Protein chains: 2
Amino acid sequence: MVTREARKEDKRARLRDAAWALFREKGFEPTTTKEIAARAGVASGTLFLYARDKADLLFLVFHERLSAAVDEGLRTLPDGPLLEQLLHLFAGFFRVYAEAPEVARAFVKELPGADGPNAQLTNRLTMSLLTHVSGLVQRAQARGELAADVPPMLLAQNAFALYFFALTAWLGRMTTLEGALDPLLRSSLALQLRGLSGK
Amino acid sequence: MVTREARKEDKRARLRDAAWALFREKGFEPTTTKEIAARAGVASGTLFLYARDKADLLFLVFHERLSAAVDEGLRTLPDGPLLEQLLHLFAGFFRVYAEAPEVARAFVKELPGADGPNAQLTNRLTMSLLTHVSGLVQRAQARGELAADVPPMLLAQNAFALYFFALTAWLGRMTTLEGALDPLLRSSLALQLRGLSGK
DNA sequence: TAGTCATAATGACCATGGTCATAATTGACA
DNA sequence: TGTCAATTATGACCATGGTCATTATGACTA
């Protein structure tokens, strides 16, 4: 038996896939909501039962991809200094965005003040990422790499802020993808970590 | 004699003032471009000769107010530690946004990848702010407050990134105005500056 | 002053995002 | 199986942002 919930979930998935395919093919702006609805096999109005507005589709799409990147990043986390672990994680996110920078730009634009239903998912994801990073900080403290009196969550926030700034600089075409990761983000994080060494 | 340039400048100013007044009264979204044009005394299409799109009006409006905040902040800069000087500057920006948080949210949303004609102005303003902050860093180094081998521009960027994150947290309703400035931004900047002390 | 041309202004027009009254579907319960 | 309230879907419709062919303006020259 196919439950209501399952049907809804199926439609949500179809809309997500249709949106992602079209955004990739034609970009965010040029894609119309009616095209997406048609491709997903639903009526034009139905789309708005699954996303509050067009922008909310971006959260639907990126939530899935970014969750995967978090999982993958944590799974393949290297041993070694905190700086390298952070870069490893963030590099994974950059790869997600690099699949479609145009669409990523639209997504990042919507991040400040995001409050649609799907945006909530992304916010929760960010929170959980911060918690994980905070955990990495604590591990670095445990192995004596980092001063024990650094508030882990605060450092996690700062690291995230620097990551977000580098991301914005890249998407704003102020640097290349590689440049954003390597000179920019690496040196930013290094400067933040400088002087926080253990003992 | 009234030159063409003067007429254009006058229209630009009228559009800017009309936009600001209406955005304050009704918010960004609910204000229509035709209302703004009418209030400025121009035809609906004329507006788009002065702003590439509705969002570009935000840059027209905020460029003026943020420039003033930069000037004022630098003019009244306190003596004392770098941390206090940075907070003084950033507090000025928060005050600008606090005049109309709803509109500020729309503005900040448009910042990533801003490329309209008026957006250029704002980008230049950010660059000049970074240069000024970099100057403050150098002065702190000169007075021995900060290690001499810290790259000034890099620290300026990091400080700005932390400011931007705090701003986003406030506009995203994750903290109050005071909370964004005092526990959040202050402790972020303090953590960044920790361990960079001179000598 | 009349003539000419680049620049600026206009507003009818169009495509699209989003709404909402109506219709269809579902499944709990008898 | 039949009933019916609740949930879900539909697409005609509307308001708005943005375009563009047309018109107006004004700075020149002769």
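If you're wondering where the values come from, they're calculated on a predicted model, not measured in any experiment. Just so we're on the same page: letters track the sequence lines, and every chain starts at 1. Worth knowing before you read on, the calculation uses all heavy atoms, side chains too, and leaves out hydrogens, waters and symmetry mates.
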Polar atoms only, N or O, under 3.5 Å: list the protein pairs with nucleotides 19-23 of chain C and their distances.
none

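Between the side chain of A/Asn123 and the backbone N or O of A/Asp115 there is no donor-acceptor pair closer than 3.5 Å. The backbone N or O of A/Leu82 lies less than 3.5 Å from a partner atom in the side chain of A/Glu145, making a donor-acceptor pair.
Looking only at side-chain heavy atoms (C-beta outward), A/Leu129 and A/Tyr163 stay at 4.5 Å or farther from each other. Residues B/Glu99 and B/Trp20 have side chains in contact (heavy-atom distance under 4.5 Å, counting atoms from C-beta outward). Contact annotation: the side chain of A/Leu47 never approaches that of A/Lys54 to less than 4.5 Å [non-hydrogen atoms, C-beta and beyond]. Contact check for A/His88 versus A/Thr76: side-chain heavy atoms found under the 4.5 Å cut-off.
Between the CG atom of A/Asp53 and the C1' atom of C/dT16 there is a distance of 14 Å, rounded to whole Å. Distance CG (B/Leu47) to C1' (C/dA8): 14 Å, rounded to an integer number of Å.
Contacts of B/Phe59 classified as ring-ring contact (aromatic ring centres under 6.0 Å, His included), with partners at least two apart in sequence or in another chain: B/Phe107. Contacts of A/Phe164 classified as ring-ring contact (aromatic ring centres under 6.0 Å, His included), with partners at least two apart in sequence or in another chain: none. Under the side chain to side chain contact (heavy atoms under 4.5 Å, CB included) criterion, B/Arg16 pairs with B/Ala13, B/Leu60, B/Val61, B/Glu64, sequence neighbours left out.
For the OP1/OP2 pair of C/dA8 and a distance below 4.0 Å, the side-chain nitrogens and oxygens of B/Tyr50 include no atom meeting the criterion. Note on A/Lys8: every side-chain N or O is 4.0 Å or more away from OP1 and OP2 of D/dT7. Residue A/Arg7 has a polar side-chain atom (N or O) positioned under 4.0 Å from OP1 or OP2 of C/dT26.
With distances taken from any side-chain atom of A/Lys54 to the nucleotides C/dG17, C/dA8, D/dT8, the minimum falls on C/dG17. Out of D/dT10, C/dA9, C/dG11, the shortest distance to the side chain of A/Leu49 is found at D/dT10.
By the rule that hydrophobic residues join a cluster once side-chain heavy atoms approach within less than 4.5 Å of another member, B/Leu177 and B/Leu184 end up as members of separate clusters.
Applying a 4.0 Å cut-off to non-hydrogen atoms, the residues of residues 26-42 of chain B that approach DNA chain D are B/Thr31, B/Thr32, B/Thr33, B/Lys34, listed by residue number. For DNA chain D, none of the residues of residues 115-122 of chain B falls under the heavy-atom distance limit of 4.0 Å.
In this structure, A/Phe165 has its ring center at least 6.0 angstrom away from the ring center of B/Phe165.
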